Enquirer: 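Below is a structure I'd like to ask you about.
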Number of protein chains: 2
Amino acid sequence: MTSEVTTPTEPGQTAQSKSQRAHEWIKERIAAGDLAPGHRLVLGSIAAELDMSVVPVREAIRQLEAAGLVTFERNVGAHVAMVDDAQYRFSMQSLSILEGAATALAARALTTEDLRAARDINDEMIKQLDDFDPRAFTTLNQQFHAILFARCANPRMLELVNAEWARLGHLRESTFSFVPGRAAESVREHEEILACIASGEPLGAIEQIARRHRAATLDAYMIHEHPDAALNMPAF
Amino acid sequence: MTSEVTTPTEPGQTAQSKSQRAHEWIKERIAAGDLAPGHRLVLGSIAAELDMSVVPVREAIRQLEAAGLVTFERNVGAHVAMVDDAQYRFSMQSLSILEGAATALAARALTTEDLRAARDINDEMIKQLDDFDPRAFTTLNQQFHAILFARCANPRMLELVNAEWARLGHLRESTFSFVPGRAAESVREHEEILACIASGEPLGAIEQIARRHRAATLDAYMIHEHPDAALNMPAF
DNA sequence: CCCGGATAGATCGTATACGATCTTCACCAC
DNA sequence: GTGGTGAAGATCGTATACGATCTATCCGGG
């Protein structure tokens, strides 16, 4: 009792459990691309690496399984979720719908400062077009859309969007890095979206433009990867 | 080896782990309403009830937490997730968007038989309007929409819809049971949706009608529960 | 009467242990 | 060479044990 301070490091930040630490560690590793899709996750190894027993690691993996980031088979083990082209397509289409709606639901709440910040980021993206680095470009792209979403009137929609992006993991950048020319198109569409929001277009129109922006990225990717395959997705 | 058959009960159905059993048990109990929102989930008690130790129960609860059905606080315990009015509103709006899109993405693949089956269910709902039982009505409503979704070209969208409904748990029926007159309106809108699909309207039109169908339910609920509060949700 | 502090009980968090299951690979019959 | 068989090793699944933390209750001081 004497002079116990327990060094709370940060007031209001209770020490997180080991299972939480494992959860975040694995999640970050997947997002960073250190753990490629299909990579096997051995409980014991992860436990050893994080200096804990397997029980918290199991919990973490169960959570990640529920979120769709890893697959888990009884008596076989866990693997980083594979995202094949079909799943990628479906996730991206879902995202186009969710992001379109989220953008519309945020449009009326965006301030002049928000719009300028978004425009600044887009300008930076334009500058980088010549010396193209997929990773840096993708980061800016995330920031751009993050600003547009931030004031979304529906926080649950944001959660859904973020969860879906987490599922796609390190594939974030593939859409830009694999499809030449798409980046230039993308920043043009960004300008269009900003103009639409600034001029107070109807929410339905904003939703459509934002949706098509993401859908176009998906189309470009699909056409680039599978020039022969028909896009079995209804024009939407 | 002799004559070991291991009685595989069902070929292709491997014995499920205890954690899976716990997961399903809790999930069903929540969906059935046996475990009300806010109800405390004591690991030891559940473990005793299911005749297992706490470890699998913890895993199950972590999964349910990731799915949003349960909240979990370190050193405090788990509770069935509370869905306050704000969250309910946000989830329902998200659902209106997801379901609208899912309906449109399924429209072109629906067969004549599908449409007739949906119509039959809706007719049954109309019959039940006089002798209204929220639970039975809700079941039929689920079946109706399940048929419309079943052929959705995007399975991921269906997963998102189902996950969101699971989050709302036993509140499924509140939308009908609490808002007098909404049921009658709802079945009329069902007929509209069917007509739209049958006559080959553009997907965008189908999406809008399906979205408004769900959004109208939400509005009715909000107006009924909070006649004074402004609906802070953009008309969409 | 109200309030701060101590104590007991309940519950959570994780390590360890051990049986169950799967995977691998060497080996042998054909 | 091919395919089946068996054993060894790796890994998973869960029970048990015990320390850590929270909650509720009781008590003495103000």
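What's counted below: heavy atoms across the whole structure, side chains too, no hydrogens, waters or symmetry copies. Given the structure is predicted, the values throughout are model-derived calculations rather than measurements. Order of the sequence lines sets the chain letters (A, B, ...), proteins ahead of strands, with each chain counted from 1.
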Enquirer: Atom CG of Leu50(B) to atom P of dT14(D): distance rounded to whole Å?
Expert: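 From Leu50(B) CG to dT14(D) P: 12 Å.
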Enquirer: Consider the side chain of Arg58(A), meaning its heavy atoms from C-beta on, and name the nucleotide among dC12(D), dA15(C), dT14(C) that approaches it most closely.
Expert: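 The closest nucleotide is dC12(D).
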Enquirer: Could you list the residues that satisfy side chain to side chain donor-acceptor pair (under 3.5 Å) with Glu24(A), not counting sequence neighbours?
Expert: none
Enquirer: dT21(D), OP1 or OP2 - any side-chain N/O from Arg74(B) closer than 4.0 Å?
Expert: no
Enquirer: Taking side-chain contact (heavy atoms from CB on, under 4.5 Å) as the definition, give me every residue that meets it alongside Ala66(B), ordered by chain and number, with sequence neighbours left out.
Expert: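 With sequence neighbours excluded, Ala66(B) shows a side-chain contact (heavy atoms from CB on, under 4.5 Å) to Gln63(A), Ala66(A), given in chain and number order.
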Enquirer: To the nearest Å, give me how far apart CD1 (Ile46(B)) and C1' (dC12(C)) are.
Expert: 13 Å
Enquirer: Which nucleotide in the list dA15(C), dT16(D), dG13(C) gets nearest to the side chain of Ser17(A)?
Expert: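 Closest of the options to the side chain of Ser17(A): dG13(C).
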Enquirer: Look for any protein N or O under 3.5 Å of an N or O in nucleotides 7-11 of chain C and output each such pair with its distance, or none.
Expert:
| from | atom 1 | to | atom 2 | distance (Å) |
| --- | --- | --- | --- | --- |
| dT11(C) | O3' | Arg40(B) | NH2 | 3.4 |

Enquirer: Rounding to an integer number of Å, can you tell me how far Glu59(A) CD sits from dG13(D) P?
Expert: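 The answer, rounded to whole Å, is 14 Å.
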Enquirer: Could you go through residues 28-37 of chain A and list every donor-acceptor pair under 3.5 Å that involves a side-chain atom there, pairing it with any protein atom two or more places apart or in another chain?
Expert:
| from | atom 1 | to | atom 2 | distance (Å) |
| --- | --- | --- | --- | --- |
| Arg29(A) | NE | Asp34(A) | OD2 | 3.4 |

Enquirer: Holding to side-chain contact (heavy atoms from CB on, under 4.5 Å), I want the full list of residues that pass it with Gln20(A), two or more places apart in sequence or in another chain.
Expert: Gln16(A), Ser17(A), Arg62(B)
Enquirer: Heavy atoms within less than 4.0 Å of DNA chain D: which residues of residues 64-72 of chain B have one? Give them sorted by number.
Expert: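 Heavy-atom cutoff 4.0 Å gives no residues at all.
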Enquirer: With sequence neighbours excluded, tell me which residues meet side-chain contact (heavy atoms from CB on, under 4.5 Å) with Ala117(A).
Expert: Ile147(A)
Enquirer: Tell me which pairs pass salt bridge (charged side-chain N to carboxylate O under 4.0 Å, His left out) where either residue lies in residues 91-106 of chain B, with sequence neighbours left out.
Expert: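 Checked against salt bridge (charged side-chain N to carboxylate O under 4.0 Å, His left out) - neighbours excluded - the pairs reaching residues 91-106 of chain B are Glu99(B)-Arg214(B).
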Enquirer: Would you sort out whether Phe72(A) and Leu64(A) count as a side chain to side chain contact (heavy atoms under 4.5 Å, CB included), showing the intermediate values?
Expert: CA-CA 10 Å; Phe72(A) 201 84; Leu64(A) 292 167; over 6 Å; no
Enquirer: Going by side chain to side chain donor-acceptor pair (under 3.5 Å), name the residues that satisfy it together with Gln143(B), two or more places apart in sequence or in a different chain.
Expert: none
